[in-house]
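What follows is a set of notes on a single structure, which appears directly below.
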Amino acid sequence: MHDIRLLRDQMDHLREGMRRRGKLEELAPVLNRAEFLEKERRDAIRVAEEAQARRNKLSQEVAQRRRNGENADDLVAESRKIGDELTALEEKRAAVEAEVQQILMELPNLTLDEVPAGGEEANTILRTWGTPRAGDSGIAPHWEVGERLGMIDLPRGAKISGSGFIVYRGAGAKLVRALMNFMIDVHTEEHGYEELWVPLLVNRATLTGTGQLPKFEDDMYAIADDDLFLIPTAEVPVTNLYRDEILDAGELPRSFVAFSACFRREAGSAGKDTRGLLRVHEFDKVELVRYATPESSRDELEVLTAHAEKMLQLLELPYRVLRLAAGDTGFSSAMTYDLEVFAPGVGKWLEVSSCSVFTDFQARRANIRYRTAPGEKPRFVHTLNGSALAFSRIIAALFEHHQQSDGTITVPAALRRYLGRDTLG
RNA sequence: GGCGUGGUGGCAGAGUGGUUGAAUGCACCGGUCUUGAAAACCGGCGGACCCGAAAGGGUCUCGUGAGUUCGAAUCUCACCCGCGCCGCCA
């Protein structure tokens with residue numbers, strides 16, 4: 001969420017930000033409305049507070065007179081009149097505030113200056129690591145390998161839950177467990193992250209904090225009876241860990257790693273990547289989250305991204321790093337790098353990580369602050385997160401990139417001790 | 001799920017309708033003292049918002065939201081959360 005003060009003195013900045021995301025046309029009327037409402041809001045506050053101040057004074061005089069045994073009926077009558085005024089003023093203030101708040105909650109974050117304007121076509125490849133295998137060299141797609149080797153069972157996943165739900169079995173199931181331990185171990189032991197294990201069901205306040213609500217309710221699985229939602233990513237519970245708290249400057253930066261299942265309805269994506277493991281409703285992921293100061297957050301994005309890249313290097317999977325253009329950058333993010341790994345069986349680059357800095361956008365929503373020094377005013381922290389990594393697509397890439405001509409799969413060295421073998425199949 | 005009980009500032013803990021944003025203690029910050037530190041003493045010390053160039057002034061905030069009242073931390077109702085016991089349960 002943006003600072004409401006932007007509506008007073010930085011409307012141009014706000015409009016420019018929306019333009020870079022390609023949303024100005026859509027949002028211009030909303031921005032104008034918000035600018036007007038913010039003026040109304042402050043006006044209503046001022047008038048109401050003046051009335052309240054008058055009433056408070058009268059109440060004290062009433063108390064004073066009563067103590068002296070004097071009559072105060074006239075003051076009481078006047079005070080009551082102010083009370084009626086206040087009720088009306090409050091109503092107006094609440095209505096205006098609710099509307100401006102609603103608008104503010106649904107405006108995407110401003111991207112950093114270095115983020116190019118434009119949509120997906122304006123994304124740029126920053127660097128590539130490793131050598132992708134040719135996509136036409138007879139490499140079987142991961143679902144064929146997985147089924148042939150008895151490691152994934154898509155028909156039964158569909159039977160149990162529906163399409164887009166996977167059953168891993170045998171060495172495939174163990175691979176999931178191995179990936180989890182491997183990734184968490186590297187991040188805790190080599191990158192200094194604190195390990196967390198978090199709830200998969202969260203409440204509305206939590207989802208509002210990270211930006212999924214109110215705008216993206218339809219993208220999530222909901223438990224209506226309890227007003228809870230299945231998390232789309234561990235970012236949600238982890239970032240909200242310190243919601244409504246004030247940290248000491250000495251505690252920053254803080255970094256957390258958490259494994260979780262992730263649930264996505266993928267509303268509106270019917271027909272895309274329907275085969276195999278590429279786009280599913282439930283997948284597993286190891287997520288990194290960092291809390292940083294505003295001064296360091298930009299640099300921390302590089303650190304975070306390097307940590308995610310490290311995992312791909314250890315898994316010996318060729319990948320490329322994309323700088324997303326403003327229009328392709330997520331709602332809450334100010335700048336995002338996507339990591340894409342090449343899967344030669346399907347001949348596609350697969351997004352396996354998205355590393356973002358959110359500036360104070362999430363922190364303001366979630367009210368996560370820190371104090372630079374004792375006695376100083378609290379400031380909002382900056383939050384970052386990135387997948388490191390998303391399992392199902394990584395498994396697809398492992399099955400395809402490390403596929404041998406005899407149909408077996410070579411296990412990357414770093415993963416062998418977790419899996420207990422160096423070949424699958 | 002049932003019954004009971006409780007939610008006050010960073011923590012502990014007073015306060016049951018009127019100068020209470022809130023005693024007191026601890027913690028924290030500044031100062032005096034000290035070679036230095038500790039102790040002692042003095043002072044300060046929640047957050048959000050509005051007006052203002054600033055100085056400063058004002059409003060809100062005692063789990064959340066409604067209500068009673070001229071006036072609510074204090075009274076009423078609903079909800080949320082904690083704790084205890086019972087029930088159920090991986």
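What you are looking at is a predicted structure, and each value in this text was computed from that prediction instead of being measured. The sequence lines fix the lettering, A, B, ..., with proteins before strands; numbering per chain opens at 1.
One interatomic measurement links the two molecules: CG of L247(A) to P of G10(B), which rounds to 13 Å at whole-angstrom precision. Look at CG on D226(A): it is 14 Å from C1' on G1(B), rounded to the nearest Å. The distance from atom CG of D227(A) to atom C1' of C79(B) is 13 Å, rounded to the nearest whole Å. The separation between R379(A) atom CZ and G47(B) atom C1' is 17 Å, rounded to whole Å. Between the P atom of C79(B) and the CZ atom of R204(A) lies a distance of 19 Å, rounded to the nearest Å. One interatomic measurement links the two molecules: CD of E251(A) to P of G10(B), which rounds to 14 Å at whole-angstrom precision. Rounding to whole angstrom units, CD of residue E61(A) and C1' of G71(B) are separated by 13 Å. The CZ-P distance, from R54(A) to G71(B), rounds to 14 Å in whole Å.
The residues D43(A) and R46(A) are annotated as salt-bridged, a charged nitrogen and a carboxylate oxygen being separated by less than 4.0 angstrom. E40(A) has a carboxylate O that lies under 4.0 Å from a charged side-chain N of K92(A), or vice versa, which qualifies the two as a salt bridge. Look at R21(A) and E26(A) and you find no salt bridge, because none of the NZ, NE, NH1 or NH2 atoms lies under 4.0 Å from a carboxylate O. Under 4.0 Å is where a charged nitrogen must lie from a carboxylate oxygen, and between R5(A) and E38(A) no such pair does.
The pairing partner recorded for C11(B) is G25(B), the criterion being a Watson-Crick or G-U wobble arrangement whose two distances lie under 3.5 angstrom. Pair check for C49(B) finds G58(B); Watson-Crick or G-U wobble, both atom distances under 3.5 Å. Across all strands shown, G36(B) forms no Watson-Crick or G-U wobble pair with both distances under 3.5 Å. If you check U76(B) for Watson-Crick or wobble pairing at under 3.5 angstrom, you find it paired to A66(B). For G84(B), the paired nucleotide is C3(B), the pair qualifying as Watson-Crick or G-U wobble because both relevant distances are below 3.5 Å. Pairing partner, U20(B): none, since no Watson-Crick or wobble contact has both distances short of 3.5 Å.
Listed nucleotides: C70(B), C50(B), G47(B). Nearest to the side chain of R41(A): C50(B). Side chain of R42(A), nearest nucleotide from G47(B), G18(B), C51(B): C51(B). With distances taken from any side-chain atom of R8(A) to the nucleotides C51(B), A48(B), C70(B), the minimum falls on C51(B). Ranking C70(B), G18(B), G47(B) by closeness to the P378(A) side chain, first place goes to G47(B).
Applying the 4.0 Å criterion to OP1 and OP2 of C51(B), one finds that R46(A) has every side-chain N and O outside that range. A sub-4.0 Å separation between OP1 or OP2 of G18(B) and a side-chain N or O of R66(A) is absent.
Ranked by how close their nearest RNA chain B nucleotide is to the 5' end, R371(A) and L75(A) are led by R371(A). Between Q60(A) and D3(A), the residue whose closest nucleotide on RNA chain B is further toward the 5' end is Q60(A).
Separation of the C1' atoms belonging to G9(B) and G4(B) is 29 Å when rounded to the nearest angstrom. Using P as the reference atom, C33(B) and U20(B) are 35 Å apart when rounded to the nearest Å. Taking atom P in both U64(B) and C80(B), the straight-line distance is 15 Å, to the nearest Å. Look at the P atom in both U76(B) and A55(B): the space between them is 44 Å, to the nearest Å. Nucleotides A27(B) and G46(B), compared at atom C1', are 14 Å apart to the nearest Å. Only the P atoms considered, A12(B) is 14 Å distant from G63(B), to the nearest whole Å. Here, U16(B) and U74(B) have their C1' atoms 5 Å apart, quoted to the whole Å. Comparing A37(B) with U19(B), their C1' atoms are spaced 43 Å from each other, to the whole Å.
Nucleic acid contact for R55(A): sugar-phosphate only, since backbone atoms but no base atoms lie under 4.0 Å from a heavy atom of the residue. Across all strands shown, R369(A) has heavy atoms under 4.0 Å from sugar-phosphate atoms exclusively, and none from any base.
Checked against the 6.0 Å centroid criterion, the rings of H382(A) and F361(A) do not qualify as a close aromatic pair. Aromatic pair F259(A)/F391(A): ring centres closer than 6.0 Å. Between F216(A) and F331(A), the ring centre distance stays below 6.0 Å.
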**Message:** Quick one, R265(A) with D219(A), criterion salt bridge (charged side-chain N to carboxylate O under 4.0 Å, His left out). Give me CA distance, side-chain angles, the key distance, then yes/no.
**Reply:** CA-CA 5 Å; R265(A) 292 187 65 219; D219(A) 294 342; over 6 Å; no
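A donor and an acceptor atom, one from each side chain of Y337(A) and E302(A), are located under 3.5 Å apart. T206(A) and R243(A) share a side-chain donor-acceptor pair at under 3.5 Å.
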Filtered N/O pairs between nucleotides 53-58 of chain B and protein, under 3.5 Å:
unit_1: G58(B); atom_1: N2; unit_2: E49(A); atom_2: OE1; d: 3.0
unit_1: G58(B); atom_1: N2; unit_2: E49(A); atom_2: OE2; d: 3.3

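For the segment residues 82-105 of chain A, the set of residues with a heavy atom within less than 4.0 Å of an atom of RNA chain B is empty.
Classified by interplanar angle (parallel below 30°, tilted 30° to 60°, perpendicular above 60°), the ring pair F165(A)/H281(A) is tilted. Using cut-offs of 30° and 60° for the angle between ring planes, the H187(A) and H191(A) rings count as tilted.
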